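The chains referred to below are lettered A, B, ... by the order of the sequence lines, with proteins before strands, and numbering in each begins at 1. Keep in mind the model is a prediction, meaning the values are calculated, not measured.
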Amino acid sequence: MMSFARYIARGELARALDDMARGRVTYAPRREGDAVVFRPRAEGEEPLLARATVPPKGVIFPQSERLFAFIREKDPNDPGRTTVRLDSTVDIKPALIFGGRPCDARGFHIFDRVYLNGPHRDPYYAARREATVVVTLACTKAGSTCFCHWTGCGPADTTGSDILLTPVGSGNDGGFVAVAVTERGAAVLEQANLPEADAARADAAQAVHAATRAALGAQSPAPDLSATPTRLLERFGDNDFWRDMSDKCLSCGACTYLCPTCYCFNITDENDGGDGMRGRRLRSWDNCMSSLFTREASGHNPRMGKALRLRNRVGHKFSYYPQLHEGVVSCNGCGRCITGCPVSVDIREMVVRATEANEETPNA
Amino acid sequence: MNLAYYPGCSGLGTSREYERSTRAACAALGVKLTDIPDWSCCGSTPAHALEHALSGALSARNLVGAARAGCDTVATPCPSCLSNLKTARHRMADDGFRAKVGRLLDQPADALAALPDVQSVLETLVTRVGLDAIRAKVRQPLAGLRVAPYYGCIMTRPADVMRFDDPENPTSMDDLLTALGAEVVPFPYKVECCGASYGVTRRDIVARLSGRLLGAARDAGAHAVVVACPLCQMNLDLRQTQVEWPGGKAVDMPVFYFTQLLGRALGVPDAELGLEQLCVDPAIAFRRAAQVVAARQAEEAAQAAKAAAQAAAKAAQAKQAAAANEGGRA
Amino acid sequence: MPVLKGKELRVVGFLCNWCSYGGADTAGVGRFSQPTDLRIIRVPCSGRVDPMFVVKALLGGADGVLVSGCHPRDCHYSQGNFYARRRLETLKTFLPALGIDPDRFQYTWVSASEGQRWKNVVSSFVEKVHQLGHAPRIEEAAPYLPLAEKGDTPRAPLRPPLRPLSYPAAGTLAASLEQLREKIRAALPELDCVIGWQQGFDALHATPLFMRKPEDVDKLTWGPLNVHNLATYLPQFKNRKVGVVVKGCDSRSVIELLQEKLVEPDNVRVFGMACEGVVDMTRVQKTLDAGNADGAMCADTAPSSVGVEGDNLSIEGEAPARLRLADVVAEKCRTCDTPVPLLGDVVEGNASAPAGPAPDAPPSPPSLDALDSMTPEQRRGFWRAQMDRCLRCYACRNACPMCVCRDHCIAESRDPHWTTQEGNIREKLQFQVIHALHLAGRCTECGECQRACPVNIPVLALKQWMNRSVRTLFDYRAGVDVNAVPPLLAFAVEEKNIKEHGL
Amino acid sequence: MRIGVFVCHCGSNIGGTVDVPGVAEVARAYPDVVFSSDTMYACSEPGQAAIVDAIKEHALDGVVVASCTPRMHEPTFRRTVERAGLNRYMFEMANIREHVSWIGKDREANSNKAAELVRMAVEKLRLNAPLYPKSFDVTKRVLVIGGGVAGIQAALDCADGGIEVVLVERESTIGGKMAKLDKTFPTVDCSSCILGPKMVDVSQHPNIRLYAHAEVEKISGYVGNFKVDVRRKATYVDWELCTGCGLCMEKCPSKKSPDAFNEHVGVTTSINIPFPQAIPKKAIIDPTSCRQFVKGKCGVCAKVCPTGAIRYDMEDQVVTEDVGAIITATGYDLFDYTKYAEYGGGRYPDVITSLQYERLLSASGPTGGHVKRPSDGKEPKTVVFIQCVGSRDRSVDRPYCSGFCCMYTAKQAVLTKDHIPDSRSYVFYMDIRANGKMYEEFTRRAMEEYGVQYVRGRVSMIVPQGDTYLVRGVDTLLGEQVEVPADLVVLAVGAESSHGAPQLAEKLRISYDNYGFFMESHCKLRPVETNTAGVYLAGACQGPKDIPSSVGQGSAAAAKVLGLFSRGRLESDPQISQVDVRRCVGCGKCITTCPYGAIEWMELRGEMKARVIETVCQGCGICTVTCPQGAIQLQHFTDNQILAEVNALCLS
């Protein structure tokens, strides 16, 4: 595909976004109370550039969505005979996500492998994914819980994005170098009628990428995680290890709901009230930290304690998923699970300890 | 808590002695009375039976005035005013009535604040000052004075509005008079009607009812009737010549305001108590009381003399016997 | 089912079978005409009426809810209406916190013989509801985020703490801490573990520490970053001996757990130290971000060390900062009157004395003041705006030391099926109401619910509101007396502070 | 589920203001409803048959009847569906008569409301589950509390029916108020002549265990299996030894002890047998006046007692009895007439109560049956009776009619004439309530044959005049004030609940009204049952009653107990709470709040859980609301069942 770069002056950003988003609903970070969340953006609204507290995954994979409505219809001549009609029309509007970070965008890639390219294509996800353009903002700083460089992601990773914006310069001279990653991205970028980014600016963008990468490396050198998938499997039965790791875990779902890659859901049916003949099937986020996640109909729960549940979360991201998906780790190192955790459970520590611990006792 | 004082209109006219003696007695007891600024009629005119809101507005006006003067209680000597003020306060608890009254007043009652409590001066003295404190301040006990306390018909009724003492057998004035050293006679007509409200139209009724009261007091041995109501006082005192006494006419039953006797016992000069304004000569009662005391003293003296005589006789006898013994031996 | 247009509003009644349902029957037998709006749900006893039914109805579109039971003392089950009176009065005082007009909910007593009274009750209540009109829906309220542009939750101006917060010099603090460690080391052999704090993923964050070996004790820290209430972990140690390190406020949670027999006194050892306040991390972060001209492109910067002395918090590293404790201290510390743990093995340290005489009533916390200052409509809009971003992760619940149902919380169960998985305001808020109601008379206002919220929803204000109700109604404060009975598990035949509601 | 809906016209009662066929038509569209029809009288024989037929024809597994209140016909229809093979709890009612058709005339609104009520019933029914009662053994013994005539009758009937009776009496003798009466109306036969033999029967019946001078202290358990602690108060006389010879009474030097049996007309000895016919005829010492107790020396009775029965050191003793049912017959007390200051408030010695007068009339009373004024012992020539003293008077918080005062006043007026032929009697009355067999005739006789002056009006005050009293009242028939000089005034004091009744009610877990009278289960249809299974009422403890009614209730309560015990085992109501042990976290809050002690701890795999004692649970549901995790659910009123009703109305 044709690769080109455009330049958006800082003062032009809102206008450029309006143009790119023509015909689409734009979701951009907005402050709500003491949090930053993705919300529909009004035309002309100056976007917030802060990293959102919650990743934008809900735009494509909503917290709760109606899969279909069911309507029971009675045979007028025999009220004992009821047929059920389904209404699975979904109202999906073209959308644009602005202001996610590379780690957020890469989340969609993790989803894609499961819901688009796996054995079962999820029509709801597919429809939203295809209708949504992802415009990502490259990172210029290393946050204290950032570890994207450990996981194959990075401060300027383009996986999952359609367009990558890199902030260059500062103050009134500042702006963004916008690079289209996909054809779709290119088309959207063209709509904005922007000047080409000159070589100096393209170089500046490259420099920003390199500097952030360096800062991350300085903060925490990326460990070698190539053996981690096997090591975690070896650690599967080490209950003491998982007890120590999970001691402080409260077993809430904050980490998974803040995670850009967590894609698990629950299905429930609800009645609609009204005449009592209508209902809907809901799909809603679910999380493996909840005891209900694996509770079976009999009441038996194969993952009884929080230790086993935490083991699953780490294991899934760093072992089970990579083994099914060509070694791709289903963690982007965004660090939200660490900052968002009420008790600062640190997934980095667990991965490193699991990997190291085995090295200490290789044949244990 | 500040005490507002509502004299009532009769206190400026027919019952000036009640008003004067009340103030004098309260002063002697150290009870500070705050006059309600610009007080007006309580509404206890015949109109109160016809138009509750107008009558209530007059009372409410006075209560609001007391509240604005920083008082949480209003004391009044007159049972009629008491009744009217209390009834108005009672009715003001109803939002509709309060609103209606509010429209009639320049300065309506504050919707949220409670109106001041209303009590009779009698209640104030008995509950606030207390009998023990009063007893301690008595300088001139009413020794020998036999009194029939007469409360009148409205001081305790209706019970759920007045909320003071037993509605059928009140005893607070009895207790007060006892504390002053007087002797209270059993008087069954304490709360019976004296007929005063028929004073103009049906004098026959007044004559019968008042006569029964006075007669019962006399039969019970009372030297005087003690009242707490200007109308009762006027009726029983002024009309004593006109009433139908059960056992023949007489004009010899003084009718005191309780505050007059209170003042007297506390040592307030008679001039400040308005005793001279009574129709039936109060001296009659005091004279009889003095007689009782004198008789009692005489009896005591006689008894003492008798006892002394007996003792002397005994001693003489003993002496004699001793002498006889001695003589025998001799 | 649509309400009869133009004529009726949706009024739901819960009536006890023995008195009020009978009273309604008596009214029918007497042919006492009544408004047709009311729909009666028969329950055995007013004590069966879960306040959540009322909330469910009101959030679900009811314009009015009426509960009626036997007169006090006449309960068929002798005590049901006494419990109901406490629960329903508590609810009535709580509804305004959600922006719901408390007049839309009424409870009363009608006996089986009081047909005339029932007619009057129904008529006056329905008339009242008609005066109020259709109930506004929270999900339709205009979002209200005061100070949102400044990125602040609506906090009233900061109130100076009751006590001047002042940490001792580093050396003194270290000595006290060493004393504490010594006590723990001594007790450790007979305990499963002792729960304390250690430094977390960076110098600005502490994290819970589970000490099992003596060398673990060396990691124990003390200071304003020890924000977590570790009492939360105790119930899971049932039947095992465990130690816990507490601040003054945390000790109230331990007392509450002991009182409810959720931990056994023989199985828990409490260690503690006088506390000089802990930070509100959100406020710290915001203060630090405020200096970040770049609009906080990336919020979290890693400090290299954090020091505290007196009222000063010094942050060293890439972005050094000096903060005054009084500016960033947690809301609960501003009104704290229990800096020293109320039980356990306590190192007194030198807790600073209160600034003045203890106030008659605890001062109301700023969040509550903010909620108080809103109109009902604003409160609906406020909760609509705040709850919108709720992830339903239940960190608020799991961090709450008094939420002991955990895996069995009715927020997620199908039987009973109180909430659905729908991602709307109503369902999200409903859980917060459940939490507040279940905490009535139990909450020590430790603030963990709000602190734990990853999206910083100010849910503590609901509990503060509830606590004020409980204090006013029952003169009760949770977590100070191990032997007290929580007010909603008890009743008084004559309730001192509950007035009959005229109907 | 297959639900059938039956909408009843109830003649025109419902059909008049509700479109009944229309409601049935709408209901047909409701979820799971496979059959819906209207019916003229659902409760009638053909109506019920139609329901049975429909269940069979349409294979229904749940039924909704929309008709009258479930308090009326729920049991009827439950039996109906049971006849058709359904579980009785697979049934719901919608009350579209008392709550709809009878309270509004707007046909559209009524029909819409009726349809909604049916919808709610359908939604609840969809979540109903079959429930089955449990059966348990019964202790076939009965406790009778109170040994007045009602209690005596109940005890004798139960004992004659072959069950053991424990009779507990607060005083030292049974007999109650009736034992104090001289004669009874309307036959004017001697009270002790008709009561005495029954009292003797009690003492001699092999099935009756009598605890006199004893009180019920504590009651636990449930119908069929109550455990009762009885406190036997110290009498200071060993009743095993006391023969009732009365020698101690003759010799007792303390002769000014208050005589409660004689209503304090006169005095008695500190050691006494209250009256010659007392059962048990045993002596008892009043320690408040006995010299041995007050001054620490005397001991005369101990010296003279031929059997050596005196025990000054006796203490209270608590015995425990197991019973299966309880009959409460605690009777009434007299209104305290001293609240009427206008009648002297106790200051006038010759203004007495009717029961005191009864003792003056009684040959075994303090005056030997000679009517004498308490003040001076003179025979009164004019006696004024004032009725409704403490009855029908809101000013003293006694708005109710005591029922029997009109009759006993007439009787006393008649007896006055018998005792003092030259006397005159006046009766001030409000209304004459003489609605028993031969009652009206009796009052007529008092007026016409005995010349008793009946004055319709209240007495406003009594004034002493010399050694007589002036009774001032109004004659409302003449419209004039009247004044009657009287030698003796008898106040017909009303009945109030027995002192300690509310406390006993709380022990029994039964309700009582504002005045302390116990509440029956249904004012018309269950007059001797209470809302606590196995506890029955007899006599004036439920409300003022005359002797025939009290005796009738005593027998009725006995019949209820015998009926209860005729079944070998009892069945418990399955509408009780149940714990889902998987959800229960063992916090014990339900145990704290249960008013019946019906929830207990149980250990399950090392964890403590709550468990409901099925026979004790009464189904109030307090626990269900208390349990934060909803682990304890009241069957038939589960959270989900009630939520289904709420959602049917409010979910939108």
Side-chain angles (χ1 to χ4, degrees), chain A residues 31-37 48-51 53-54 62-65 101 137 139-146 167 170 219 244 247-248 250-258 266 268 270 273-276 282 284-285 287 290-292 295 335-336 338-346 348-349, chain C residues 1 60 145 148-149 151-153 193 195 200-202 204-210 212 228 232-233 236 282 286 289 294-303 385-386 388-389 391-399 406-407 412-414 420-424 448 451-458:
Chain A
R31 232 178 247 295
E32 256 182 30
D34 284 337
V36 178
V37 287
L48 189 67
L49 299 179
R51 194 169 79 139
T53 319
V54 186
Q63 188 178 3
S64 178
E65 68 180 315
R101 302 306 172 101
L137 203 57
C139 289
T140 59
K141 273 189 181 169
S144 71
T145 56
C146 287
S170 63
Q219 181 176 291
D244 287 350
D247 262 340
K248 63 187 171 189
L250 296 171
S251 216
C252 73
C255 48
T256 52
Y257 293 161
L258 292 174
N266 187 16
T268 46
E270 298 295 347
D275 60 3
L282 297 176
S284 50
W285 290 357
N287 77 85
S290 158
S291 89
L292 299 177
R295 190 196 286 164
R336 282 198 184 88
I338 308 168
T339 43
C341 177
V343 292
S344 308
V345 171
D346 191 339
R348 293 173 298 190
E349 184 194 353
Chain C
M1 198 168 306
L145 275 176
E149 66 281 8
D152 204 342
T153 47
C193 70
I195 313 166
F201 59 81
D202 65 26
L204 194 55
H205 293 83
T207 187
L209 163 69
F210 286 68
R212 293 197 162 80
H228 321 80
T232 302
Y233 294 108
Q236 73 196 41
T282 309
K286 215 151 38 177
D289 288 349
D294 224 359
M297 291 277 284
C298 201
D300 323 310
T301 42
Q386 295 286 358
D388 198 17
R389 64 179 183 278
L391 301 169
R392 304 189 81 175
C393 70
Y394 296 115
C396 49
R397 175 190 74 193
N398 288 30
R406 296 284 153 90
D407 296 350
E412 294 160 298
S413 72
R414 295 286 289 188
T420 73
Q421 289 302 308
E422 197 79 72
N424 60 27
E448 283 292 89
R451 189 192 64 76
C453 181
V455 288
N456 289 311
I457 301 174

Please look at [X] and chain C and tell me whether the side chain, the backbone, both or neither of the residue comes under 4.5 angstrom of a heavy atom of that chain.
X	result
A:T256	neither
A:S344	both
A:V343	both
A:L282	side chain
A:N287	neither
A:R336	neither
A:S251	both

* How far does CZ of C:R414 sit from CD of C:Q421, to the nearest 0.5 angstrom? ->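 That separation rounds to 8.5 Å.
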* **Gap separating the CD atom of A:E349 from the CD1 atom of A:I338, nearest 0.5 angstrom** => 9.5 Å
* **Lys/Arg N to Asp/Glu carboxylate O, C:D407 vs A:R295, below 4.0 Å** =>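 So C:D407 does not pair with A:R295 through a salt bridge.
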* Asked: Would you call C:R397 and C:E412 a salt bridge, taking side-chain N to carboxylate O under 4.0 Å as the test?
  ->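 Looking at C:E412 together with C:R397, the answer is yes, because their closest N to O distance falls below 4.0 Å.
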In terms of heavy-atom pairs under 4.5 Å, which option from [options] contacts chain A the most?
options	value
C:C396, C:A206, C:A452, C:C453	C:A452
C:E448, C:R406, C:H205, C:H228	C:H228
C:T232, C:L209, C:T420, C:I195	C:T420
C:G200, C:C393, C:G423	C:C393

Measure [X] against the heavy atoms of chain A and call it side chain, backbone, both or neither at under 4.5 Å.
X	answer
C:A385	backbone
C:Y233	side chain
C:N424	neither

* Asked: Are C:D202 and A:S144 linked by a side-chain donor-acceptor pair shorter than 3.5 Å?
  -> yes
* Would C:N456 and C:T282 satisfy side-chain hydrogen bond (donor to acceptor under 3.5 Å, both in side chains), going step by step from the backbone distance to the final call? -> CA-CA 8 Å; C:N456 289 311; C:T282 309; 3.1 Å; yes
* Contact leader toward chain C among A:L258, A:D244, A:N266, A:V37, where contacts are heavy-atom pairs under 4.5 Å -> A:L258
Is any side-chain heavy atom of [X] less than 4.5 Å from a side-chain heavy atom of [Y]?
X	Y	answer
C:E422	A:E270	no
A:K248	C:T207	yes
A:R348	A:T145	yes

* Asked: In terms of the angle between their ring planes, are A:W285 and A:Y257 parallel, tilted or perpendicular, with boundaries placed at 30° and 60°?
  -> tilted
